[in-house]
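Below: the structure, in structure tokens.
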Amino acid sequence: MYLYGSAVSGDYDEGVSDIDLMAAVTGELSPDVLSALDAGHHRFWSGHPEFTDRIDLIYAPAAYLSGELDASATPPILATVSPGSPLHAEPVSQEWILNRHLVHDTGVTVHGRPLECAVTAVPAETVRAAVARKVLSLRDGAAQVVHRGGHAYVVLTACRALLTLTTARHASKADAARWARERWPCFRPVIDAALEWRLGQAVRDETPLPRELSAQRDGLLDAVCRVAEDRTAGVVGHG
């Protein structure tokens, strides 16, 4: 079991931040195993309701994390449980490359094999391509986001992507937002609003965005997508 994200980086906000965990699984994630894991999560939440929407946990095959499996050839199955989403299983996709990358680069061992022996590095070009895909997906879906918590996620994730694509380093949402607002002062109002919505946990606020903030959100996404396309020329779209 490996802990990563804001709980490790030092930017964990009590009562707001998710707890990001990756579990390396050596056995098969069969229906019986998934059922037992689901029951275990519900027992945990019954005893600790304050964490009901705070756990972001991925159960991934140990052979995939160690690089012994090629996910592009025969995608293995992993299981996830995240805020707003119950435990479910799905094949490993390119989306999960970023989680594996973050675990390798920023994680700490909670239990079991030392992280450095269990999780291999992800090539830099693969990381850039995955970040670019995520940003393009965010832009495609931004118009369907209706609540302020979702807008905050879109804006702050775009900031993190911009930082990674520009500097090749990773940071928390708050750190990336601070960096982006200095680099792109024209987007400061929507970045500051996103930080306020996140800390206020405005997940049920569906008040329409003011036109100015909506335009800034779209402008930020367009700017980050242009950087993504520049940084991943010849890579995006191939895997």
Side-chain angles (χ1 to χ4, degrees), residues 3-21 50-57 82-85 95 98-99 101-102 105-107 127 130-228 231:
L3 176 69
Y4 64 107
S6 60
V8 176
S9 69
D11 282 308
Y12 182 84
D13 292 314
E14 190 71 33
V16 176
S17 298
D18 296 336
I19 299 173
D20 299 301
L21 293 159
E50 66 274 22
F51 290 107
T52 300
D53 290 321
R54 303 280 308 290
I55 303 295
D56 200 332
L57 172 55
S82 57
S85 178
E95 177 185 355
L98 291 177
N99 296 87
H101 173 65
L102 288 171
D105 278 21
T106 68
V127 173
V131 171
R133 280 191 295 270
K134 186 162 189 174
V135 170
L136 292 170
S137 176
L138 278 177
R139 183 172 63 177
D140 291 343
Q144 283 71 53
V145 176
V146 297
H147 55 75
R148 296 300 174 93
H151 292 303
Y153 174 81
V154 168
V155 171
L156 298 178
T157 299
C159 291
R160 293 179 79 178
L162 179 62
L163 185 147
T164 298
L165 291 167
T166 305
T167 69
R169 73 181 180 89
H170 302 277
S172 68
K173 289 184 175 71
D175 188 29
R178 288 190 290 267
W179 179 90
R181 71 187 304 279
E182 293 303 315
R183 182 179 178 88
W184 302 83
C186 60
F187 298 127
R188 284 179 183 174
V190 76
I191 293 172
D192 291 344
L195 289 169
E196 180 181 346
W197 297 331
R198 177 177 177 271
L199 292 175
Q201 293 185 291
V203 294
R204 294 179 178 84
D205 184 349
E206 296 187 8
T207 305
L209 283 185
R211 182 176 300 178
E212 177 187 356
L213 292 185
S214 181
Q216 287 192 9
R217 179 205 61 193
D218 295 343
L220 174 63
L221 286 169
D222 287 342
V224 179
C225 285
R226 286 195 295 272
V227 173
R231 294 290 189 276

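All values below were derived from every heavy atom in this structure, side-chain atoms included, with hydrogens, water molecules and symmetry-related copies excluded.
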(message) So if I apply the side-chain contact (heavy atoms from CB on, under 4.5 Å) rule between Leu221 and each of Asp140, Thr157, Leu138, which one comes out positive?
(response) Leu138
(request) Might you point out which heavy atoms bring Tyr153 and Lys173 nearest each other, and give the distance in Å? (result) CD1-CE, 4.3 Å
(message) One pair to check against side chain to side chain contact (heavy atoms under 4.5 Å, CB included): Leu220 and Cys159. What are the steps and the verdict?
(response) CA-CA 8 Å; Leu220 174 63; Cys159 291; 4.3 Å; yes
(request) Kindly indicate, with the supporting measurements, whether the criterion side chain to side chain contact (heavy atoms under 4.5 Å, CB included) is fulfilled by Thr166 and Arg183. (result) CA-CA 11 Å; Thr166 305; Arg183 182 179 178 88; 3.9 Å; yes
(request) Please examine the side chains of Pro185 and Arg188, heavy atoms only from C-beta on, and report whether any two atoms are closer than 4.5 Å. (result) yes
(message) Could you report the tightest heavy-atom contact between Tyr4 and Leu102, atom names first, then the distance?
(response) CD1-CB, 3.9 Å
(request) Walk me through it: do Phe187 and Val155 pass the test side chain to side chain contact (heavy atoms under 4.5 Å, CB included)? (result) CA-CA 10 Å; Phe187 298 127; Val155 171; over 6 Å; no
(message) Measuring only between side-chain heavy atoms, which start at C-beta, is Pro189 closer than 4.5 Å to Arg181?
(response) no
(request) To the nearest 0.5 Å, tell me how far Asp175 CG sits from Arg169 CZ. (result) 5.0 Å
(request) Enter the distance from Arg217:CZ to Asp222:CG here, rounded to the nearest 0.5 Å. (result) 10.5 Å
(request) Give the minimum heavy-atom separation between Leu98 and Lys134, together with the two atoms involved. (result) CD1-CD, 4.0 Å
(request) Look up atom CG in Leu209 and atom CH2 in Trp197, then write down how far apart they are to the nearest 0.5 Å. (result) 4.5 Å
(message) Any heavy-atom pair between the side chains of Trp184 and Ile191 that's under 4.5 Å?
(response) no
(request) Mind listing the closest non-hydrogen atom pair of Ser17 and Arg198 along with its distance? (result) OG-NH2, 3.0 Å
(request) Return the minimal non-hydrogen interatomic distance between Ala161 and Val224, and the atom names on each side. (result) CB-CG1, 4.1 Å
(request) Can you measure from CG (Asp20) to CG (Leu3) and round to the nearest 0.5 angstrom? (result) 7.5 Å
(request) Could you give me the CA-CA distance, side-chain angles and deciding distance for Arg139 and Leu136, then say whether side chain to side chain contact (heavy atoms under 4.5 Å, CB included) is met? (result) CA-CA 5 Å; Arg139 183 172 63 177; Leu136 292 170; 3.5 Å; yes
(request) Calculate, to the nearest 0.5 Å, the distance between atoms CG and OG belonging to Leu57 and Ser82 respectively. (result) 9.5 Å
(message) Would you compute the distance between atom OG of Ser172 and atom CZ of Arg178 and round it to the nearest 0.5 angstrom?
(response) 6.0 Å
(request) For the pair Arg148 (side chain) and Pro208 (backbone), establish whether a donor and an acceptor sit closer than 3.5 Å, ignoring hydrogens and angles. (result) yes
(request) Specify the closest pair of heavy atoms between Cys225 and Val135, including all atoms of both residues, with the distance to one decimal. (result) SG-CG1, 3.2 Å
